[in-house]
Amino acid sequence: METYKKIITTALFASTSFTSFAATIYLDPFADNLRLTDGASALSVVSESKSTLTGGSCVGTICKHNDNSQFSNDGTGGLMGLLPYTASLDTQGLGTDWVLDLEYEDVSGGYANGVSYYDDYKTFGFHLHNKLNGETHKIAELLVTGGHLEVGNSHIDGLFNYDWYDDTVDSDLATSFFNIKVNDTITSIYDLWEQGSDVAWRWDFNIAGGEEILYTGDSTAAFRDVSITGEMQIYAVDEPTTLAIFGIGLILLSSVNRKRFV
């Protein structure tokens, strides 16, 4: 039974990643729906990441992963611009007075056939930070649902999540900052989430120096620091396809239950 549940869960996550369309992105730094940035195809996001490897194969203090290894990543970064690059990022105060920071910790996984994959689904956090007065607001939480690292093909997938948002404590910027165009209408991702619609994201990135950068330490714990640059796209999930896959999942569950009682 658990095997079928995992298959169904995997299928649902796969539907989020592969049966969606990349949406045009608009940022609203003032929460007034009047001073939006220009439409963008993706966000340019950079990060400095510290990676910890356990169970690696080491020669002296130089270690590399094997299929029994585990890794975890902590990092910080931020939004560098909108793609294609436009001047509107600066004219709306982003990149000058305000910066959009990215933070994550203990995003972890393992290895299969030499390729690393994420299996411990943590979250990324976007925070809007004022460089002049230190004011900081949490803007979004990005739930990691999958991804892998390999040379030339590294990405992390996930869903926007606002379970954390409390309108009595958190800034209303969170409800309006990220927007996408859906059916020719610009709609906030928070509103879509609140209506029960999944909004997915994918961060395609490169590791400076390549994934082959080795770790320093021992088999108990080895470390490396890497710089990451990439593009993050946002997807409006194709709900009919997701529902179809969910229907397949229900059929599988029904089949399993029938077999148990025959």
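Start at 1 with the first residue, then count along the sequence.
- Judged by distance alone, with hydrogens and angles left aside, the side-chain atoms of N130 form no donor-acceptor pair with the main-chain N or O of W98 at under 3.5 Å.
- Atoms CG and OG, on D204 and S154 in that order, are 9.0 Å from each other to the nearest 0.5 Å.
- We find the OG1-CG distance between T123 and L159 to be 12.5 Å, quoted to the nearest 0.5 Å.
- A continuous path of Ile, Leu, Val, Met, Phe, Trp and Tyr side chains, each step under 4.5 Å between heavy atoms, connects I213 with V107, placing both in one hydrophobic cluster.
- Looking at S47, its side chain never comes within 3.5 Å of a backbone N or O of I228 through a donor-acceptor pair.
- Not a single donor-acceptor pair under 3.5 Å links the side chain of N183 to the backbone N or O of T185.
- Annotation: F178 is in aromatic contact with F126 [ring centroid separation under 6.0 Å].
- From K181, atom NZ reaches atom OG1 of T187 across 10.5 Å, with rounding to the nearest 0.5 Å.
- Between atom CG of residue L43 and atom CE of residue M80 there is a gap of 13.0 Å, rounded to the nearest 0.5 Å.
- Taking CG of L128 as the start and CD of E135 as the end, the distance is 8.5 Å to the nearest 0.5 Å.
- Under the 3.5 Å distance criterion, the side-chain polar atoms of S72 are left unmatched by any main-chain donor or acceptor of Q70.
- Taking all atoms of both residues into account, the shortest heavy-atom contact from G114 to H65 is O-CE1, 3.4 Å.
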Problem set entry | Residue pair Y104, V144: steps toward the side chain to side chain contact (heavy atoms under 4.5 Å, CB included) verdict | CA-CA 10 Å; Y104 54 95; V144 177; over 6 Å; no
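- Residues I139 and L173 meet the side-chain proximity criterion, which asks for heavy atoms closer than 4.5 Å.
- Counting heavy atoms from C-beta on, the side chains of W203 and L102 come closer than 4.5 Å.
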Problem set entry | Audit row: Y190, D172, side chain to side chain contact (heavy atoms under 4.5 Å, CB included) steps and yes/no | CA-CA 10 Å; Y190 174 84; D172 59 359; over 6 Å; no
For this session: With side chain to side chain contact (heavy atoms under 4.5 Å, CB included) as the test, would you mind laying out the steps for T229 and F205 before giving the verdict?
Result: CA-CA 5 Å; T229 59; F205 58 87; over 6 Å; no
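- Using a 4.5 Å heavy-atom threshold, the side chains of Y111 and L53 count as touching.
- The shortest non-hydrogen separation linking A236 to V182 is CB-CG2, 4.5 Å.
- Transitive grouping of hydrophobic side chains (ILVMFWY, heavy atoms separated by less than 4.5 Å) brings L142 and W164 into a common cluster.
- Hydrophobic clustering, with ILVMFWY side chains joined whenever heavy atoms are under 4.5 angstrom apart, groups V226 together with F71.
- When the shell of 6.0 Å around NZ of K138 is examined, it contains more than 12 heavy atoms from other residues, nucleotides or ligands.
- A donor-acceptor pair shorter than 3.5 Å cannot be found between the side chains of Y165 and T175.
- Using a 4.5 Å cut-off on side-chain heavy atoms (C-beta onward), D166 and T168 make contact.
- Formation of a donor-acceptor pair under 3.5 Å by the N66 side chain with backbone atoms of G55 is found in this model.
- No side-chain heavy atom of I186 sits under 4.5 Å from any side-chain heavy atom of D28.
- Looking at D167, its side chain never comes within 3.5 Å of a backbone N or O of D170 through a donor-acceptor pair.
- Looking at I189 and Y162, their side chains come closer than 4.5 Å, going by heavy atoms from C-beta outward.
- Taking all atoms of both residues into account, the shortest heavy-atom contact from Y235 to A22 is CD2-N, 3.5 Å.
- Across every non-hydrogen atom of S219 and G56, the tightest pair is CB-O, 3.5 Å.
- Ring-centre distance between H155 and H148: below the 6.0 Å cut-off.
- In this structure, the side chain of N179 engages the main chain of F177 through a donor-acceptor pair within 3.5 Å.
- Taking all atoms of both residues into account, the shortest heavy-atom contact from S49 to N73 is OG-CB, 3.8 Å.
- The distance between the ring centers of F160 and W193 does not fall below 6.0 angstrom.
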Problem set entry | Worked verdict on I25 versus L82 for side chain to side chain contact (heavy atoms under 4.5 Å, CB included) | CA-CA 9 Å; I25 305 164; L82 304 177; 5.7 Å; no
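- Of the inter-residue distances, the one linking W201 atom CH2 with D157 atom CG reads 7.0 Å to the nearest 0.5 angstrom.
- In this structure, K122 contributes its side chain and D106 its backbone to a donor-acceptor pair below 3.5 Å.
- Summarising the local packing, CD of E105 is surrounded by 12 or fewer heavy atoms from other residues, nucleotides or ligands at distances under 6.0 Å.
- Of the possible polar contacts, one joining the S41 side chain to the L83 backbone as a donor-acceptor pair under 3.5 Å is found.
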